[in-house]
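Following: one structure in structure tokens, then a few remarks.
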Amino acid sequence: MDGMAQTEPTEKEESMTDETADLRMAIVRQAADDYIRAKKLLKIQPDNYLAQRTVQEVRTFIKGKWYATICDINPGFLLRALDAKGDAP
């Protein structure tokens, strides 16, 4: 130990952790929903620029540092799962 006493988190700190966990998961969930929606649209309209851009932006987000900071789901695993859902009928 470095001489600093370890303390239990306060009720407020625990509440903030729960709230930030919900927010972090909501961000990832929204990105996933956007990705699946864009992939399905690209099956119908392969030249749809906005859908292409959405797919690229979400892929960049999931492979990036910020995603790694807010989520511990393996990015490769998540992208494979999203591709499977987006490519499904």
Side-chain angles (χ1 to χ4, degrees):
M1 285 253 153
D2 61 3
M4 295 183 65
Q6 294 211 353
T7 60
E8 293 294 319
T10 66
E11 191 172 317
K12 182 178 179 181
E13 288 169 333
E14 284 181 1
S15 175
M16 285 179 29
T17 301
D18 290 343
E19 289 170 9
T20 60
D22 291 344
L23 176 59
R24 289 180 284 132
M25 194 48 58
I27 292 167
V28 174
R29 188 175 300 118
Q30 184 63 55
D33 291 346
D34 291 348
Y35 186 87
I36 293 167
R37 193 174 311 110
K39 289 280 285 191
K40 289 188 179 286
L41 181 56
L42 286 171
K43 286 173 31 180
I44 300 165
Q45 300 174 1
D47 295 331
N48 186 304
Y49 173 75
L50 291 177
Q52 292 172 354
R53 184 174 163 185
T54 297
V55 167
Q56 186 57 44
E57 287 178 356
V58 173
R59 289 185 73 79
T60 299
F61 164 69
I62 291 173
K63 292 178 180 181
K65 291 179 183 178
W66 199 61
Y67 170 84
T69 300
I70 66 170
C71 185
D72 60 357
I73 299 170
N74 179 287
F77 173 81
L78 180 58
L79 285 170
R80 285 189 299 276
L82 295 177
D83 282 333
K85 272 197 151 186
D87 293 337

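This chain uses plain numbering: 1 for the first residue, then up along the sequence.
By the rule that hydrophobic residues join a cluster once side-chain heavy atoms approach within less than 4.5 Å of another member, Phe77 and Met25 end up as members of separate clusters.
A donor-acceptor pair under 3.5 Å is absent between the side-chain atoms of Lys40 and the main chain of Tyr35, judged by distance alone. Although no hydrogens or angles enter the test, the distance criterion places a donor-acceptor pair under 3.5 Å between the side chain of Arg24 and the main chain of Thr20. Under a 3.5 Å cut-off, the side chain of Lys39 and the backbone N or O of Asp83 do not form any donor-acceptor pair. With hydrogens and angles ignored, the 3.5 Å screen pairs no side-chain donor or acceptor of Gln52 with any backbone N or O of Ala38.
Ring geometry for Trp66 against Phe61 counts as tilted: the plane angle lies between 30° and 60°, on a 0 to 90° scale.
Here the side chains of Tyr67 and Ile27 are not in contact, with every heavy-atom distance at 4.5 Å or above.
Taking all atoms of both residues into account, the shortest heavy-atom contact from Thr54 to Asp34 is CG2-O, 3.8 Å. Minimum heavy-atom separation, Val55 to Leu42: CG2-CD1, 3.9 Å. Scanning both residues, Cys71 and Val28, for their nearest heavy atoms gives CB-CG2, 3.9 Å.
For the atom pair CD1 (Ile62) and CG (Leu78), the distance works out to 4.5 Å, reported to the nearest 0.5 Å. Distance CG/Asp72 to OG1/Thr69: 11.5 Å, rounded to 0.5 Å.
Within a 6.0 Å radius of NZ in Lys85, no more than 12 heavy atoms belonging to other residues, nucleotides or ligands are found.
Residues that satisfy the side chain to side chain donor-acceptor pair (under 3.5 Å) test with Arg80, not counting sequence neighbours, are absent from this structure.
Tested against Leu41, the residues Ile36, Asn48, Leu50 include a single side chain to side chain contact (heavy atoms under 4.5 Å, CB included) partner, Asn48.
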